[in-house]
2 protein chains.
Amino acid sequence: MKPATLRDVAAAAGVHPGTASRALNSATQNLVNRGTVARVIKVAAELGYQPNPIARSLKTSKTGTIGIVIPDLTNPFFPPIVRGIESILEPAGYSGLLVSTDGDLSRERTQVAALRARQVEGLIIATALLDHPLLEELGDMGVLTVMVNRRPHLTNAPSVIPDDAAGIRLAVEHLASLGHRRIAHLAGPANTSTGVARARAFQDAVADLDLVSDPRLIVTCKAWNEDAGAHGLRELLATSSDFTAVVAGNDLIALGCYDVFAERGIDCPREISVVGMNDMPFLDKLRPPLTTVAVPHRQLGEESARLMLDLLREPDRPIRSVTLPVSLVVRASTAVVSDMNIAARDRHR
Amino acid sequence: MKPATLRDVAAAAGVHPGTASRALNSATQNLVNRGTVARVIKVAAELGYQPNPIARSLKTSKTGTIGIVIPDLTNPFFPPIVRGIESILEPAGYSGLLVSTDGDLSRERTQVAALRARQVEGLIIATALLDHPLLEELGDMGVLTVMVNRRPHLTNAPSVIPDDAAGIRLAVEHLASLGHRRIAHLAGPANTSTGVARARAFQDAVADLDLVSDPRLIVTCKAWNEDAGAHGLRELLATSSDFTAVVAGNDLIALGCYDVFAERGIDCPREISVVGMNDMPFLDKLRPPLTTVAVPHRQLGEESARLMLDLLREPDRPIRSVTLPVSLVVRASTAVVSDMNIAARDRHR
DNA sequence: CTGAAAGCGCTAACAA
DNA sequence: TTGTTAGCGCTTTCAG
């Protein structure tokens with residue numbers, strides 16, 4: 001037998017469908033006689049009535065869905081963000097529609113179009129580039145958007161990001177306290193806000209702490225992954241091997257360094273110290289356990305969902321962006337400088 | 001300005017909305033004059049017409065969505081499955097609605113209800129227990145369901161699972177070829193098909209290879225995670241420490257072993273060898289790199305989506321289940337037995 | 001081949 | 001407080 005409709009409920013309760021609708025909807029319940037409300041609710045329960053959200057959407061042109069755009073679900077950075085988003089959306093009666101772009105702009109375009117076709121009420125975007133054509137279009141089209149983990153130029157959409165500058169400073173200070181003076185930075189891609197913010201923070205920290213500032217010590221990786229990290233470190237080793245530590249743009253880049261360590265027999269941390277960023281899962285079980293900067297992934301998601309909900313509920317409220325605090329997690333990929341480092345310098349030069 | 005509707009297109013093309021609908025829908029296009037089709041399509045493109053899927057769904061009662069039910073997105077096992085599912089669903093014009101249950105039956109219930117309320121056309125379920133009340137209900141209600149990674153009792157829904165038995169056998173054979181004779185098994189929960197299938201396969205392999213068969217060598221973990229794995233190994237160590245290798249129910253359980261190794265100063269693989277199962281990411285960077293059985297996660301997802309699509313398109317086709325081949329990945333957590341193992345026996349007893 | 005008309009299930013004016 | 005009416009945007013008979 002087919003699922004009960006509002007009409008069935010109304011008929012069984014002896015009222016008009018309109019009345020049944022009001023009785024079942026908490027916002028309009030107070031316009032209906034108490035007794036009637038009770039009766040309708042009771043009948044609805046008996047019939048196992050479930051409102052059809054499709055029909056409601058068609059009428060109200062509200063779907064109760066938010067699009068979530070991430071590069072790749074397979075990157076451990078994103079699942080906690082997604083969970084965070086959904087943990088806030090769900091109790092608010094919204095649900096998320098997830099798409100992966102694989103970092104491909106054209107795929108992103110079609111995915112976003114599909115989301116729009118499905119009438120999402122807003123978009124939470126984790127794939128933003130510093131200059132992102134699609135974002136501008138979205139802004140022009142009046143699509144509600146919040147950025148998570150990235151803060152692009154030229155858009156005043158709300159965003160929530162970790163405190164990149166503080167994180168990098170924590171990393172550099174940690175290394176400096178261990179006696180490192182020539183510290184390298186494997187920066188993330190220059191077209192991402194996180195990439196440039198972290199690189200800038202690195203330079204500032206190096207300057208403030210009076211460490212060696214040498215442009216050859218900063219290499220920009222093409223992507224936020226292991227391959228790019230490995231590539232970056234090889235480049236660094238080729239041009240200037242006299243550094244004793246590296247601050248990686250993120251954990252995956254740091255893992256790329258591990259690959260190079262293995263391939264060249266470099267002893268981490270005795271020859272080179274590394275610190276990552278993000279504190280993704282299982283880092284404590286690596287060889288060696290990776291020192292990193294923990295960013296509150298889940299909270300990143302939660303805050304972005306809250307921002308979205310605010311946007312939906314109070315469209316006129318001035319937009320705001322939030323920055324979340326980070327913390328240093330010291331493990332075993334960083335150590336005090338020693339003669340080993342000096343020896344390594346010559347060996348790998 | 002508001003998005004163009006079918007009416008707008010029809011008006012601009014000088015035809016009736018019904019005709020425009022037929023012209024735009026590939027299935028009914030052949031009922032319309034070629035020229036008219038062309039004109040309507042052209043006008044639609046000019047107006048940037050996007051059909052409203054909500055309205056279409058209301059009429060056809062097909063939503064083009066499939067619910068995907070997983071325990072936890074944060075477990076690295078699932079994202080590849082989800083990506084696999086979506087890679088098949090997407091080109092077929094369907095999209096997935098993802099929910100996480102956190103392994104909580106009541107939460108699962110509400111999540112599935114929400115999915116049903118959203119009128120999903122089918123459910124792909126990765127959370128199945130061996131005896132799963134909800135599944136039976138779903139079956140009774142005629143909800144299209146396919147199981148991925150699990151194959152419950154008492155349901156004839158299609159399923160796609162890795163070849164658990166072959167995987168365990170591969171692991172045991174590998175260990176046996178290294179000279180291990182007393183091999184322990186940290187089994188997954190007894191209420192999951194994977195847990196019991198693997199435990200049974202373990203016993204069979206031990207028997208077939210003439211290894212030491214001792215019930216105390218099999219400990220069942222309460223969950224598929226690190227804590228449960230650590231707990232299991234401690235129990236094993238307490239009751240019978242004279243094993244030289246352990247086959248873990250999955251990689252996370254194996255990681256739990258690593259925790260115990262660290263806490264007790266046990267040298268893996270020299271004192272105890274471990275093999276995991278699943279080959280989740282980054283295992284190659286652990287200390288030591290974990291030997292494991294690779295299961296084709298993504299393909300698991302792909303096949304389950306294909307099964308679902310078949311169910312949708314040919315409801316009368318006999319149901320079938322698929323089993324996917326697995327392979328052994330030898331890394332450094334397994335080694336030949338030696339005096340070390342003997343020494344360890346006494347030390348940890 | 002195309003137009004007309006009905007209606008999917010619900011909500012929101014407007015009346016009463 | 002409740003009933004009436006119209007219609008969200010689309011598909012799909014049924015005529016023509």
Side-chain angles (χ1 to χ4, degrees), chain A residues 1-44 47-65 93 116-121, chain B residues 1-44 47-65 93 116-121:
Chain A
M1 98 189 176
K2 327 186 55 170
T5 79
L6 186 60
R7 261 172 139 96
D8 301 331
V9 175
V15 295
H16 190 271
T19 306
S21 170
R22 284 179 287 242
L24 261 8
N25 202 314
S26 56
T28 49
Q29 234 168 34
N30 48 351
L31 303 180
V32 178
N33 186 317
R34 302 278 304 239
T36 313
V37 170
R39 185 155 40 93
V40 171
I41 289 180
K42 181 161 164 290
V43 171
L47 296 184
Y49 169 70
Q50 290 282 115
N52 181 333
I54 310 278
R56 176 178 294 170
S57 294
L58 184 57
K59 180 66 190 175
T60 60
S61 58
K62 295 200 184 329
T63 53
T65 56
R116 301 234 315 136
R118 285 195 177 268
Q119 319 271 80
V120 294
E121 293 182 45
Chain B
M1 96 188 178
K2 325 185 58 169
T5 79
L6 186 58
R7 259 173 140 97
D8 301 331
V9 174
V15 295
H16 189 269
T19 307
S21 171
R22 286 180 285 245
L24 261 8
N25 201 316
S26 55
T28 48
Q29 230 167 39
N30 48 352
L31 304 179
V32 179
N33 185 318
R34 302 280 304 241
T36 312
V37 171
R39 186 155 39 92
V40 171
I41 289 181
K42 181 161 162 291
V43 171
L47 296 184
Y49 169 70
Q50 290 282 114
N52 180 332
I54 309 275
R56 176 177 294 170
S57 294
L58 184 58
K59 183 68 190 171
T60 60
S61 58
K62 292 196 184 331
T63 53
T65 56
R116 302 234 314 136
R118 283 195 178 271
Q119 318 273 79
V120 295
E121 292 182 46

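Naming: A, B, ... by sequence-line order, numbering from 1 per chain. For the numbers below, each heavy atom of this structure counts, side chains included, while hydrogens, waters and symmetry mates do not. Keep in mind the model is a prediction, meaning the values are calculated, not measured.
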Expressed as a whole number of angstroms, how long is the span from B:R56:CZ to D:dG9:C1'?
10 Å
Mind listing the closest non-hydrogen atom pair of B:S57 and B:K62 along with its distance?
OG-O, 3.1 Å
Report yes if some heavy atom in the side chain of B:V15 is under 4.5 Å from a heavy atom in the side chain of B:R22; otherwise report no.
no
Shortest non-hydrogen contact between B:T65 and B:R118, atoms and distance
OG1-O, 4.3 Å
Rounded to the nearest Å, what distance is computed from the CD atom of residue A:Q29 to the C1' atom of nucleotide D:dT1?
14 Å
Taking all non-hydrogen atoms of both residues, which atom of B:S21 and which atom of B:T28 are closest, and how far apart?
O-OG1, 4.3 Å
Starting at atom CG of B:L24, determine the distance to atom P of C:dT2, rounded to an integer number of angstrom.
14 Å
Which value, rounded to the nearest 0.5 Å, describes the distance between A:T19 atom OG1 and A:L24 atom CG?
11.5 Å
Straight-line distance of B:R39 CZ to B:R34 CZ, nearest 0.5 Å:
14.5 Å
Roughly how far, to the nearest 0.5 Å, is the CZ atom of B:R7 from the NE2 atom of B:H16?
9.0 Å
Roughly how far, to the nearest 0.5 Å, is CD of A:Q119 from OG of A:S61?
8.0 Å
Among A:L31, A:T36, A:V37, the one residue meeting side-chain contact (heavy atoms from CB on, under 4.5 Å) with A:N33
A:T36
Separation between CG of A:N52 and CG of B:L58, rounded to the nearest 0.5 Å:
6.5 Å
Grab the CZ-P distance between A:R7 and D:dG3 for me, whole Å please.
14 Å
Separation of C:dC8 P from A:Q50 CD (nearest whole Å):
20 Å
Within this structure, what is the NZ-to-C1' distance between B:K62 and C:dC8, rounded to whole angstrom?
13 Å
Residues in residues 33-44 of chain A with a heavy atom under 4.0 Å of DNA chain C, by number, are none
What is the distance, to the nearest angstrom, from the CG atom on B:L58 to the C1' atom on D:dT12?
14 Å
N/O contacts under 3.5 Å, protein versus nucleotides 12-16 of chain C?
| residue | atom | partner | partner atom | Å |
| --- | --- | --- | --- | --- |
| C:dA13 | N6 | A:R22 | NH1 | 3.2 |

Hey, what do you get for CZ (A:R56) to OG1 (A:T63), rounding to the nearest 0.5 Å?
12.5 Å
Note down the inter-axis angle between the two ends of the helix from C:dC1-D:dG16 to C:dA16-D:dT1, five pairs each, to the nearest 10°.
40°
Mind calculating the distance between OH (A:Y49) and C1' (C:dT11) to the nearest angstrom?
10 Å
